[in-house]
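Here the structure comes first, spelled out in structure tokens, and everything after it is commentary.
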Number of protein chains: 2
Amino acid sequence: MNSADLARLSVNQETVRQLSLPELAREAALLGVGGVGLWRDPVRAYGPAKAAGLMRDHGLTVTSLCRGGFFTAKDRAARTRALDDNRAALDEAAALGTGTLVLVSGGLADGERDLAAARERVAEALAELAPYAHERGVRLALEPLHPMYASDRCVVSTLGQALDLAERFPAERVGVVVDTYHLWWDERVPEQIARAGAGDRIAAFQLADWITPLPEGVLLGRGQLGDGSVDLRGFRERVEAAGYRGAVEVEIFSPALWARDGAEVLRETAERYVRHVL
Amino acid sequence: MNSADLARLSVNQETVRQLSLPELAREAALLGVGGVGLWRDPVRAYGPAKAAGLMRDHGLTVTSLCRGGFFTAKDRAARTRALDDNRAALDEAAALGTGTLVLVSGGLADGERDLAAARERVAEALAELAPYAHERGVRLALEPLHPMYASDRCVVSTLGQALDLAERFPAERVGVVVDTYHLWWDERVPEQIARAGAGDRIAAFQLADWITPLPEGVLLGRGQLGDGSVDLRGFRERVEAAGYRGAVEVEIFSPALWARDGAEVLRETAERYVRHVL
């Protein structure tokens with residue numbers, strides 16, 4: 001592998017969650033990977049400013065912080081807590097030096113059967129948070145999740161819906177995440193990627209492959225690049241044709257990968273990226 | 001419960017798979033349910049003509065036979081086998097006296113990453129089978145399945161896609177299935193139901209509720225009516241506003257329901273139908 005090939009590759013730390021932040025920084029830098037995507041819990045445990053310094057010292061860009069969101073509570077107290085927590089996430093993102101906070105919107109409220117109403121509550125939360133995010137130099141990155149998560153994790157299921165919400169706000173304040181795992185099945189994705197690119201809305205581009213059978217709970221069944229059904233190269237070509245020049249972030253939740261040596265998984269991921277994405 | 005309320009209710013036998021065909025016929029007739037949806041394996045074991053007589057003797061309409069499909073093999077031999085099997089399913093449907101064969105299209109071929117190409121193979125199979133079906137008085141009912149099945153069970157994921165395929169053929173030969181479990185998340189469903197109704201394409205209307213967590217393999221996690229996130233009444237009102245006057249068929253795959261007394265589950269299903277659907 002030529003490390004020039006890996007300059008745009010970012011590895012989300014959940015892909016190799018067996019590595020500590022210092023291990024991740026060292027191994028990623030050794031390979032020549034350009035960036036990392038980080039998660040709030042390990043960043044808070046390590047300290048956001050210290051984590052920022054660690055990545056900077058290893059020449060790594062922090063391409064995203066995961067995640068804020070869970071905006072869809074109906075009662076006032078829960079809603080206030082969610083907004084406070086998202087402001088904290090924005091502070092952490094700013095301290096970390098990343099311009100992108102990934103948002104998973106949240107599911108239906110207890111007993112609710114109205115997805116459209118829940119999506120409106122997401123819009124209200126974005127309106128509350130967008131100025132705060134902008135002051136900190138962080139963009140809200142709304143992520144559509146696969147429709148299998150619509151009831152309990154994310155009422156925003158398609159790129160089109162995410163753009164419908166994001167476009168109510170200035171592009172520099174609210175963007176969208178294009179994640180192959182969530183969107184691969186949708187025949188409208190090519191046109192929606194073009195729309196997202198034309199409006200400068202693509203805040204992050206994330207990759208995982210789709211494999212079956214899905215595990216119980218369907219959260220931890222993502223496949224290593226090349227192991228599944230997704231035309232990953234086609235996705236990359238489309239986001240680039242739409243003008244996206246940012247990081248290509250691999251985010252795989254897989255107990256099979258977590259059980260292996262983290263440095264080896266990182267190497268394999270880089271190899272798969274060169275073979276199946278570039 | 002007033003049995004007039006249940007005249008349009010059909011119970012798919014998989015909902016109460018613990019009941020034999022004679023038990024199903026007897027209990028459904030006792031309740032005043034109007035119809036049943038049947039599956040090929042138990043029907044073949046019992047004999048299609050005998051099963052037809054059994055249901056007729058109990059005043060029950062056979063609203064659908066499940067299922068044909070699995071059209072997406074690439075190699076010639078597998079494709080021929082699939083078509084032969086679908087012709088056999090059409091013969092069975094005709095012997096059973098139902099006008100509706102439900103089709104689950106099939107997933108991607110091994111190593112394939114092209115959903116559009118796989119959908120074209122579905123269209124080719126429909127073209128082969130439509131005349132044969134028509135001669136037997138059976139309509140092919142293409143069922144869009146939830147996108148979580150796109151790779152391994154059904155490359156047709158939305159009602160819009162199912163209609164795009166069905167509309168290549170006369171309406172009396174190829175229709176679609178509107179199943180709440182598969183379609184509830186899709187904000188475009190209202191307009192697509194209207195489209196389906198306007199073209200007289202709604203061949204079957206099936207109900208199950210969406211509950212989480214999904215089980216491993218995501219096949220057997222459907223919820224009893226009223227236990228989940230789906231606006232079931234809203235769906236019924238929409239298909240009726242679109243002109244549909246056929247059966248309302250409850251099809252729930254749930255080990256929790258199968259573990260209970262079948263007659264009790266049937267009664268509960270009828271009660272839930274009255275409370276959450278009518």
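Atoms considered below: every heavy atom in the structure, side chains included; atoms not considered: hydrogens, waters and symmetry mates. Note on naming: letters A, B, ... go to the chains in the order of the sequence lines (proteins, then strands), and numbering restarts at 1 for each one.
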>> Can you tell me which portion of P147(B) sits under 4.5 Å from chain A's heavy atoms? Options are side chain, backbone, both or neither.
In response: both

> More than 12 foreign heavy atoms under 6.0 Å from CG of D110(B): is that the case here?
Replying inline: no

> Among P213(B), G221(B), P215(B), which residue forms the greatest number of heavy-atom pairs with chain A at distances under 4.5 Å?
Replying inline: P215(B)

> Between Q192(A) and T158(A), do the side chains contain an N or O donor and an N or O acceptor separated by less than 3.5 Å?
Replying inline: no

>> Taking the side chain as everything from C-beta on, heavy atoms only, tell me whether T180(B) gets closer than 4.5 Å to F205(B).
In response: yes

>> Counting only non-hydrogen atoms closer than 4.5 Å, does L214(A) touch chain B with its backbone (N, CA, C, O), its side chain (CB onward), both, or neither?
In response: both

>> Test your reading of the model: is there a side-chain donor-acceptor pair from D85(B) to the backbone of R81(B), 3.5 Å cut-off?
In response: no

>> Just verifying a value: how many Å separate E112(A) CD and S229(B) OG, rounded to the nearest 0.5 Å?
In response: 9.0 Å

> Of the backbone (N, CA, C, O) and the side chain (C-beta and beyond), which part of S151(A) lies under 4.5 Å from a heavy atom of chain B, both, or neither?
Replying inline: both

> Non-hydrogen atoms of chain B under 4.5 Å away: do they reach the side chain of R188(A), the backbone, both or neither?
Replying inline: side chain

> Distance from S157(B) atom OG to H146(B) atom NE2, nearest 0.5 Å?
Replying inline: 9.0 Å

> What part of D231(A) gets closer than 4.5 Å to chain B, counting heavy atoms only: side chain, backbone, both or neither?
Replying inline: both

> Among E216(B), Q161(B), R113(B), which has the most heavy-atom pairs under 4.5 Å with chain A?
Replying inline: R113(B)

